[in-house]
Number of protein chains: 2
Amino acid sequence: MNSEFATSFVLGAAQSGLREFNERLLLTILRQLGPLAGTKLAAHAQLSAQTVSVILRKLESENLLIRGAPQRGKVGKPQIPMALNAAGALSIGLKVGRRSADVALMDFTGCVRDRRTLHYPFPRPDEIFDFLETAITQMTGHLPAPLADRICGIGIAIPFELWKWTDVLGASAQDMLAWRDLDPSKRVAQFSDLPVSVINDATAACHAENALGNPAGLANYAYFFMGAFIGGGIVLDRAVYSGHFKNAGALGSLQISDTRGAPRQLLDSASLNVLGDAIRKAGGDPSDLRRNMDDWSAHAPLVDAWCATAAKDIARASLSACAVIDFEAIVIDGAIPTDLRSQLVERVGHEIAKLDGRGLVVPKILPGSIGADARVIGAAHVPLQARYFLHSNATLAGSDDAQT
Amino acid sequence: MNSEFATSFVLGAAQSGLREFNERLLLTILRQLGPLAGTKLAAHAQLSAQTVSVILRKLESENLLIRGAPQRGKVGKPQIPMALNAAGALSIGLKVGRRSADVALMDFTGCVRDRRTLHYPFPRPDEIFDFLETAITQMTGHLPAPLADRICGIGIAIPFELWKWTDVLGASAQDMLAWRDLDPSKRVAQFSDLPVSVINDATAACHAENALGNPAGLANYAYFFMGAFIGGGIVLDRAVYSGHFKNAGALGSLQISDTRGAPRQLLDSASLNVLGDAIRKAGGDPSDLRRNMDDWSAHAPLVDAWCATAAKDIARASLSACAVIDFEAIVIDGAIPTDLRSQLVERVGHEIAKLDGRGLVVPKILPGSIGADARVIGAAHVPLQARYFLHSNATLAGSDDAQT
DNA sequence: ACGTCAATTAATCAATTTAGTTGATTAATG
DNA sequence: CATTAATCAACTAAATTGATTAATTGACGT
């Protein structure tokens with residue numbers, strides 16, 4: 001009973017927690033708004049200038065922040081903007097896909113410093129974790145010593161229940177069951193002491209969008225990522241919401257209907273996998289899609305037809321999502337060419353306008369800003385987020401937003 | 001820019017806010033777990049016994065808590081359980097329905113002390129607010145003076161965009177437009193200085209379930225309330241989530257399909273309104289449903305047929321909801337007889353098991369525990385919640401649940 | 001059977017620590 | 001010299017820890 005509260009209410013708003021909370025708050029504001037002087041930070045955080053000054057000196061001494069050039073030009077003492085120090089911390093991300101795996105090394109500002117890719121016909125745990133091990137060794141080997149000690153964790157993005165999709169992958173059920181019995185954290189512990197975060201692949205992409213993209217500054221949105229299967233993530237109050245079972249934002253499983261009214265899941269009609277099948281059926285090679293991420297015009301008519309039905313179904317799914325949570329916007333990204341992404345966004349916008357929006361606030365439809373690599377990038381960012389930034393932006397008491 | 005953060009990040013985790021937060025925390029734990037001694041509270045809240053003691057004495061001096069009888073029987077000094085003091089605070093709730101309005105006076109423990117009902121063919125603002133005014137005067141008139149000063153607000157539960165449903169109500173569009181141009185807070189200010197909270201009616205019912213019901217102790221669930229139109233609410237991390245536009249949980253607008261595959265909203269098939277139409281078409285009187293809330297067996301075959309299709313559609317809608325947020329459970333309540341509610345719950349459970357749950361954690365289906373009056377009760381509870389209890393249960397830094 | 005005392009647990013007192021705020025001071029600029 | 005930023009110094013809010021007091025039960029001795 002006690003521990004039930006320890007994970008739900010959790011709070012003992014103790015004092016040490018207060019300082020850490022405020023440190024994370026300042027780092028989070030800096031990540032979102034860019035370099036900012038103490039005075040401005042104090043205003044945003046609603047803290048006194050003195051408190052901010054003390055925290056800033058501490059974070060600077062920990063090498064998490066660096067001071068920028070004094071801003072001359074205005075009357076008065078020049079501001080000294082403080083910025084996240086790229087070398088303040090590093091992290092590793094691994095994306096496990098159905099045809100390839102990616103590893104990335106990320107710095108504290110969210111830039112990818114180094115990366116490796118492994119291709120395969122279907123994913124096998126040993127091959128992938130050996131690849132991860134050697135990639136980490138190579139990527140961190142030639143780092144200066146102080147940097148190498150600042151790696152704060154490994155984020156792993158992997159499809160939910162990967163072993164259930166044997167038919168699609170053309171792998172044997174036997175091979176895939178290895179994934180079900182695998183605990184990635186334990187497997188990584190065989191060669192690294194770094195803390196491991198395992199996360200759904202589309203949710204990882206959503207993390208990337210939310211922490212490093214989101215140019216519109218949205219606070220609440222649903223995020224679709226178009227991969228071999230379409231998936232998603234949820235952002236509530238500026239934080240990615242992972243859910244009670246860590247399976248929130250399973251948008252590919254939203255119920256839609258086929259033309260005969262039979263129930264169907266979104267991923268059965270709006271996944272890249274479906275486009276691949278169409279190309280194969282027409283005698284083409286679906287692996288073209290992976291090889292050439294810039295231009296799919298070789299398969300133009302099929303891509304176009306797929307885009308039309310996908311847009312229609314994503315629009316219906318989006319409206320359903322907005323009935324559950326009144327999202328400001330729907331953000332769509334994926335492992336697809338940017339012009340196709342634009343086209344998909346536009347078409348979803350048209351389709352959603354045709355639907356019955358009674359009782360709903362119809363959301364804006366916007367493109368993602370990260371692109372095809374969002375999943376690795378998000379995976380790499382998760383350990384940084386967990387260690388240095390705010391998890392949730394729920395308001396504390398004492399604020400003026402009494403729940404009316 | 002500043003104010004953007006002031007409502008989203010809000011935090012300046014300042015010190016005075018810290019104390020208020022911990023006070024609300026203890027009150028919230030007491031509401032959920034019942035009377036508890038200081039030591040136990042300290043363990044649940046993860047605060048020191050001394051801190052809890054100080055806060056408890058303060059809340060006691062404010063008459064929000066009363067000490068129970070010392071618990072003898074165990075070795076050691078007997079515990080003194082502290083309980084919410086029913087007379088610590090009062091609040092008023094108003095539910096505006098399509099055929100009737102209810103007003104309730106609630107005490108600090110959530111008990112309804114007094115109530116009034118007004119019936120009408122269709123709702124008119126002046127009639128309803130006059131009714132509210134006289135009801136408040138009557139109900140508070142014979143209260144002892146100290147109690148009368150402890151009323152902390154008025155909660156108003158009202159359907160979303162009521163004025164758009166003229167056809168269903170048989171009211172003129174003219175009459176209903178009065179609702180669009182009305183600001184309930186300003187209207188109430190004409191006769192009362194109490195703070196006013198306006199909230200969607202089904203969301204109000206969800207508040208009641210979450211604060212005063214929820215015997216299973218669920219932390220995350222979607223809530224359906226079966227009224228003239230079916231509506232809903234969302235509970236995340238033990239708090240009702242109202243959403244960016246205060247329209248989260250608009251579950252009646254979830255997309256389903258009719259038998260021909262054409263898109264439809266859940267409220268078009270699973271509302272009481274639909275059952276009423278069927279009864280009228282068969283020559284019966286739909287107002288029987290409102291008059292006799294215990295037994296609808298007079299219309300048995302129609303009720304049964306309606307329940308079957310409603311169950312099927314609610315099941316589909318529930319699964320869609322779980323694709324957005326991985327709810328532990330779906331809770332169903334409504335202005336219907338309890339045996340029909342049980343039957344509906346059971347049928348939804350059967351239907352959802354037949355559906356395609358790939359990629360989802362299929363939720364439990366459970367009945368609500370408040371019943372037909374959940375909307376007024378929730379409306380009355382909202383001001384108490386806003387003033388004395390925790391709004392959100394997001395964890396603070398310093399806890400051990402780092403987001404992995 | 002009954003009184004006494006030790007063990008136990010709860011609540012509070014007193015002292016300390018953490019971390020915030022306010023107001024004064026210093027620094028750098030147009 | 002007015003202005004603005006950053007920091008120093010003093011103060012305050014609110015938590016923590018360790019000691020103390022209070023109210024029991026249960027064991028032991030007479």
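Between B:Leu47 atom CG and D:dA14 atom P the separation is 13 Å, expressed in whole Å. Rounding to whole angstrom units, NZ of residue B:Lys77 and C1' of C:dA6 are separated by 18 Å. Here the C1' atom of nucleotide C:dT26 and the CD1 atom of A:Ile80 are 13 Å apart, to the nearest Å. Atoms CG (A:Leu56) and P (D:dC8) sit 13 Å apart, rounded to a whole Å. D:dT16 atom P lies 17 Å from atom CZ of A:Arg19, rounded to whole Å. Separating the CZ atom of A:Phe21 from the C1' atom of C:dG20 is a distance of 14 Å, rounded to the nearest angstrom. Separating the CE atom of B:Met82 from the P atom of C:dA10 is a distance of 16 Å, rounded to the nearest angstrom. We find that CZ of B:Arg57 is positioned 18 Å from P of D:dA14, with the value rounded to whole Å.
Nearest to the side chain of B:Val75, among D:dT25, C:dA28, C:dA10, sits D:dT25. Distance from the side chain of B:Thr39 is smallest to C:dA10 among C:dA10, D:dA5, D:dA23. Listed candidates were C:dA10, C:dT12, D:dA5. Nearest to the side chain of A:Gln79 is D:dA5.
Comparing B:Arg72 and B:Val54 against DNA chain D, the residue whose closest nucleotide sits nearer the 5' end is B:Val54.
In this structure, B:Arg150 contributes its side chain and B:Ala87 its backbone to a donor-acceptor pair below 3.5 Å.
In this structure, B:Arg24 fails the cation-pi test against B:Tyr388, since its NZ or CZ atom is not both closer than 6.0 Å to the six-membered ring centre and inside 45 degrees of the ring normal.
Counting non-hydrogen atoms under 4.0 angstrom, B:Gln50 reaches a base of the nucleic acid.
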